[in-house]
Amino acid sequence: MFNYRVLAILKRELRERVLSKSFIITTLSLPLIMALVLGLQYFMMTMEGDKDVHLIVACESSDVITKIEKVFNTRSWIESGDYTVSYQHATREDFSKLLEENKEKILDRKLTGVIFVPESALKDKKIELYAEGTKNITLERKLSSVMNEVFMDHYFKDRGFSAEDLQFTRQDVELSTYKITKGEMERETGGNLVLTYLFTFLLYISLLMMGTWIMQSVLEEKANRICEVILSSVDSRDLMMGKIFGSSFTGLLQMIIWLTPVMVVIGMKLPILPVGMLFQVDPLLMVYYMFNFLLGLITFVGLFAAVGAIFNNAQEAQGGVTPIMMLIIIPFLITMSLITNPINVVAGVSSMLPFASIIVMPARMTLTTVPVWQIILSIVVNIATILVIIPIAGKIYRVGILRTGKKPSYKEVLKWLKEA
Amino acid sequence: MNALEVKNLSKSFGNIEAVKNVSFAVPEGSIFGLIGRNGAGKTTTIRMMMNIFEPDSGEVVLRGTRVGQEFRNNVGYLPEERGLYKKMKIIDLLMFFAEIKGKKGREIKDQALSYLEKFSLLDRKSAKIEDLSKGNQQKVQFIATILHEPDFIILDEPFTGLDPINTNILKEIILQLKEKGKVIILSTHLMDFAERMCDHIAMINKGEIIMCGAMSELKKKHGKNNVTVSFEGDVSFVESLSYVEKVTHFGNSISVKMADEKDAQKLLAEMTSRQIVVNHFSTNEISLQELFVNHAGSEEVAAEKEVQYV
């Protein structure tokens, strides 16, 4: 299969690709962009509206107001000075006036908001927040927690409960999840979910990128007629093989570059990982993941190469490549649904179907325990797909690459299959 | 002895018969011209010889055996539609072309550099193809064609796009290659070059061979009763002369088909008497250009489908 001609083409493809600016830029920038997005999200979550917050709490009941102040003062964010709160007693009418007086301040952002705690809140826990932007999740969460404590303590006061009882009732339910496997039970902390997201996203990006690259490269060879020179020395089969493996190995190399830092971080349990999340990656799963990725590359890169050979330029090819892109995009969407419910019939079935299996199966394997027979079936299906698809793509490639002139119809392409 | 024989090659694309039953033989150590108009079937014939197209019928025999991968490695092919990888460096590209022909890059590097020197491209060996002028790209393509030292060299319209100086360099190299015993097949529609360089020709028209053989023999055969004159003055009267059958004009020269060989002297006398300056006058000679126009130029002649092998 790998004669010197295929090797020469493979070598050229690898060198031209891997040393190209676009490869270096995309390979390095993707992790940077991802880190940046994650970092930005983290930054927004922690910083947004969580510093320089000034509040006025107005309460109808004067004995509750001291209690409110007391509970607020137990919080670290009051202590750190990020939040400043002033407390006052006010009836409904007083509050209306207070609000009117402070309206300008709120709009000028000198004051974050005004909170009104009516007498009735002691029974129904309903309070009011008046602010410029009312959907401030961090602020809401903090307020709810403080006020809940105040109301609980007030409600259960003098009813014979101990501090311990109150602590218990105040506390939320905490759900720990465990993944059932044949072997030891594993504590589920959301880490695998993050990994699934990451793997699926990288797989998706890489397949599309390598596919588009080989298509452009075939189109270029067609457009500048170099294919004729090459085909006078090598078979179209050798040329296609060299190109497919060149692109596939480039993809594999890129994936290794992307995943190595992730694996190092997880393996060494470096403290930059999100707190409370456990990441576990079975080395065997990684081997499967890379092998499955290679099969996927060969399949899709072959298809994209054939599409490149059919058309004369990128615009024409755009239409032809859409169905193949769908073969990547639909499984990607199915995988995203898998994340909300790992035991999902559509995902289960599609993880054993040609094309879809390449993207869905690794995600299923990271999230749940997949029976061995299904994994084997999916590998067999993927290899069979290659055995069927590559000769067909090869025939289209062989005829298409020397064809110029008007854009061929699907009927004509079918005729090529008989011709070749 | 024949180095290469093309036997009854045919190829159709849909309803169009591009090449019909084409046969010719290329002798050892010769420059062989495949001559025809644009679209006559030259390139399709060559593509079948190169195994780029599978022929519908017929075969190509190389020194007695059917051609295969071995032939492909032993042939340098310069296609009419040139193509290079625009982003590659010259030297890398030359290595790549030699490697797909089964050569090791290291072995061929010195050779590549010496060819680059011959074409004054040595100082640009690390330049990218896209940064070269069209003429220089042509030169690189030619080097890529012959770098692996093939015994057979097929050149499809090799002179297009070259300036006179580079055309001469190329011609010189082709002649040197011939001296080394290489077999060269030159496909062209430029009759001048074919006439000066080729020992044998096959003339192809509408997918069929209409004439084939040694250049000297063909010219002798078809040049009978033919006179070629280079002149200064007005020669329009020649056509009205009773012993003249046909006149073909080439600007400063004409080719005249006489009824009888003996009438040549009459024509010369007539011309001098009319104050025409005759610079060159030769009998029994026909240019390839004329031979070509006579046989492939007019539809009627082509329709006769009379194949002439000499």
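Residue numbers start from 1 in every chain, and the chains themselves are labelled A, B, ... in the order their sequence lines are given, proteins ahead of strands. All of these numbers come straight from a predicted model, not from anything done at the bench.
A donor-acceptor contact closer than 3.5 angstrom is absent between the side chains of A:Glu220 and B:Tyr85.
Open room surrounds NZ on B:Lys109; 12 or fewer heavy atoms of other groups in view lie less than 6.0 Å from it. Atom CG of A:Leu32 has more than 12 heavy atoms from other residues, nucleotides or ligands within 6.0 Å.
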- Message: Walk me through whether A:Arg5 and B:Arg72 qualify under side chain to side chain contact (heavy atoms under 4.5 Å, CB included).
- Response: CA-CA 12 Å; A:Arg5 299 179 295 273; B:Arg72 292 170 144 210; 6.0 Å; no
- Message: Assess the residue pair B:Met88 and A:Arg12 against the criterion (side chain to side chain contact (heavy atoms under 4.5 Å, CB included)); give the C-alpha distance rounded to whole Å, side-chain angles, the decisive distance to 0.1 Å, and a yes or no.
- Response: CA-CA 10 Å; B:Met88 276 182 100; A:Arg12 195 200 81 86; 3.2 Å; yes
- Task: Take A:Tyr4 and B:Ile100 through the side chain to side chain contact (heavy atoms under 4.5 Å, CB included) test and state the conclusion after the steps.
- Result: CA-CA 7 Å; A:Tyr4 61 86; B:Ile100 55 175; over 6 Å; no
- Task: Check step by step if side chain to side chain contact (heavy atoms under 4.5 Å, CB included) holds for A:Arg225 and B:Arg82.
- Result: CA-CA 6 Å; A:Arg225 307 304 298 153; B:Arg82 313 289 146 77; over 6 Å; no
- Message: What verdict does the salt bridge (Lys or Arg N to Asp or Glu O under 4.0 Å) test give for A:Lys11 and B:Glu99, after you've listed the backbone C-alpha separation in whole Å, the side-chain angles of each residue and the deciding distance to 0.1 Å?
- Response: CA-CA 10 Å; A:Lys11 207 174 87 185; B:Glu99 277 172 23; 3.0 Å; yes
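When heavy atoms are compared at a cutoff of 4.5 Å, B:Phe71 does not approach chain A at all. Residue contact with chain B, scored on non-hydrogen atoms closer than 4.5 Å, involves the backbone and the side chain of A:Ile9 alike. For A:Glu16, the part lying near chain B is the side chain, with the backbone staying farther off; criterion is any non-hydrogen pair under 4.5 Å.
By the 4.5 Å heavy-atom criterion applied to side chains, B:Arg47 and A:Glu228 are counted as neighbours. The shortest distance between side-chain heavy atoms of B:Gln141 and A:Val229 falls below 4.5 Å.
From A:Ser236, atom OG reaches atom CG of B:Asn51 across 10.0 Å, with rounding to the nearest 0.5 Å. To the nearest 0.5 Å, atom CG of residue A:Leu231 and atom CZ of residue B:Phe53 are 9.5 Å apart. Between the CD1 atom in B:Ile52 and the CD1 atom in A:Ile401 there is a gap of 11.0 Å [rounded to 0.5 Å].
Chain A forms the most heavy-atom pairs under 4.5 Å with one residue out of B:Glu81, B:Glu54, B:Met49, and that residue is B:Glu81. Chain B forms more heavy-atom pairs under 4.5 Å with one residue of A:Ala223, A:Ser233, A:Ala8 than with any other, namely A:Ser233.
Residues B:Tyr77 and A:Ser232 approach most closely at CD2-CB, 3.2 Å, considering heavy atoms.
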